[in-house]
Amino acid sequence: MEISANAKINLTLDILRRREDGYHDLQMVMQSVSLADELTVTPAQGGVGTAVSDLHFLPTGGKNLAQMAAAAFRQAVGAGGEVDVSIRKHVPVCAGLAGGSADAAAVLHAMNRLTGAGLSPVELAKIGERVGSDVPFCVLGGAALAQGRGEFLTPLAPLPPCHIVICKPPFSISTPQLFARVNVRKIVRRPDTAGVTAALAAGDLAGVARRMYNVFEDVLQPRRLAEINEIKSALIDCGALGASMSGSGPSVFGLFEDGARAQDACSRLRESYRDVFLCAPQ
């Protein structure tokens with residue numbers, strides 16, 4: 001079975017508190033986008049399923065999120081054999097775009113169809129909680145308010161039709177290190193989450209764009225923040241209605257009404273960066 005695995009962007013990301021279990025309660029507005037990996041899921045030829053991709057450094061066995069999702073599905077449903085997963089990567093890894101979680105979600109959908117289990121998307125999302133915090137959202141897609149660690153999802157009106165330019169600078173950011181730097185009591189600037197959800201409901205793209213924010217930007221190392229801000233400025237200069245970092249970064253995205261301006265932004269950013277993508281809400 002061939003299936004797509006769509007990336008996501010964070011229109012907002014807020015950290016509400018540190019929990020007793022060491023995790024943080026989050027509040028995020030997320031939107032799936034048309035940038036996607038391509039997966040082929042087939043019954044395993046050997047005794048143990050594998051996950052292979054065109055990126056040699058990704059794990060191929062049980063530590064790959066796609067295989068973790070397959071195992072979680074088998075455990076939950078009590079059906080389905082081992083599967084081989086072939087992944088053609090388009091979504092950058094360690095980029096704040098949930099590429100691995102999207103692959104895991106796609107495997108859950110594929111196994112649901114291959115086995116005829118007939119689980120609903122909500123039931124699949126529940127299985128996805130065992131695999132990773134972003135997997136439930138990637139199972140459901142669209143736009144949603146995500147709370148808790150990301151597992152409590154409230155569907156929202158999606159972004160109005162627009163053009164989204166995503167740029168990933170050539171470095172990775174450690175999510176655990178970012179969380180370690182966060183002092184919730186000292187967060188000064190927060191996204192207007194309620195305003196973003198209201199703007200989505202009204203179909204107001206400009207209203208969404210001017211309210212976007214990601215609190216992780218405030219705890220980046222200065223040299224990383226400088227590059228993030230440089231990309232945001234380039235997007236705004238090219239006509240983006242707003243720009244923000246996605247997830248724990250380092251990918252930055254801008255929302256455009258005008259397709260020609262979005263294309264110009266891609267051309268400008270590609271002069272300095274390899275990973276630049278033009279996509280749309282999904």
So do L97 and K8 actually touch side chain to side chain, heavy atoms under 4.5 Å? no
Do we see a donor-acceptor contact under 3.5 Å between the side chains of S86 and T40? no
Is there a side-chain contact between E82 and Q67 in this structure, where contact means two heavy atoms from C-beta onward sitting under 4.5 Å apart? yes
Centroid-to-centroid, F253 to F277, below 6.0 Å? no
Considering only residues two or more places apart or on different chains, which pairs with a residue in residues 95-104 satisfy salt bridge (charged side-chain N to carboxylate O under 4.0 Å, His left out)? K89-D103
Is T12 reaching over with its side chain to a backbone N or O of M212, donor-acceptor style, under 3.5 angstrom? no
Using side-chain heavy atoms (C-beta onward) and a distance below 4.5 Å, is H24 in contact with R19? no
Is I164 close to I166 at the side-chain level, that is, under 4.5 Å between some pair of heavy atoms? yes
Given side chains that start at C-beta, do those of Q27 and L145 come closer than 4.5 Å, heavy atoms only? yes
Which atom of L124 lies closest to which atom of L119, heavy atoms considered: CD2-CD1, 3.9 Å
Just wondering, do V29 and T193 contact through their side chains at under 4.5 Å, heavy atoms? yes
Counting heavy atoms not belonging to R270, are there more than 12 under 6.0 Å from its CZ? yes
Do L13 and V215 make a side-chain contact, defined as non-hydrogen atoms from C-beta onward lying under 4.5 Å apart? yes
R18 NZ/CZ over Y23 ring centroid, <6.0 Å and within 45° of normal: no
Look at atom CZ of R88 and say whether more than 12 heavy atoms of other residues, nucleotides or ligands are closer to it than 6.0 Å. no
Any idea which heavy atoms bring A240 and G254 closest together, and the distance? CB-CA, 4.3 Å
Any donor-acceptor pair under 3.5 Å from Q75 side chain to A72 backbone: no
Would you say the side chains of Y213 and D218 form a donor-acceptor pair under 3.5 Å? yes
With distance as the sole test, does Q31 use its side chain to make a donor-acceptor pair with the main-chain N or O of L159 at under 3.5 Å? yes
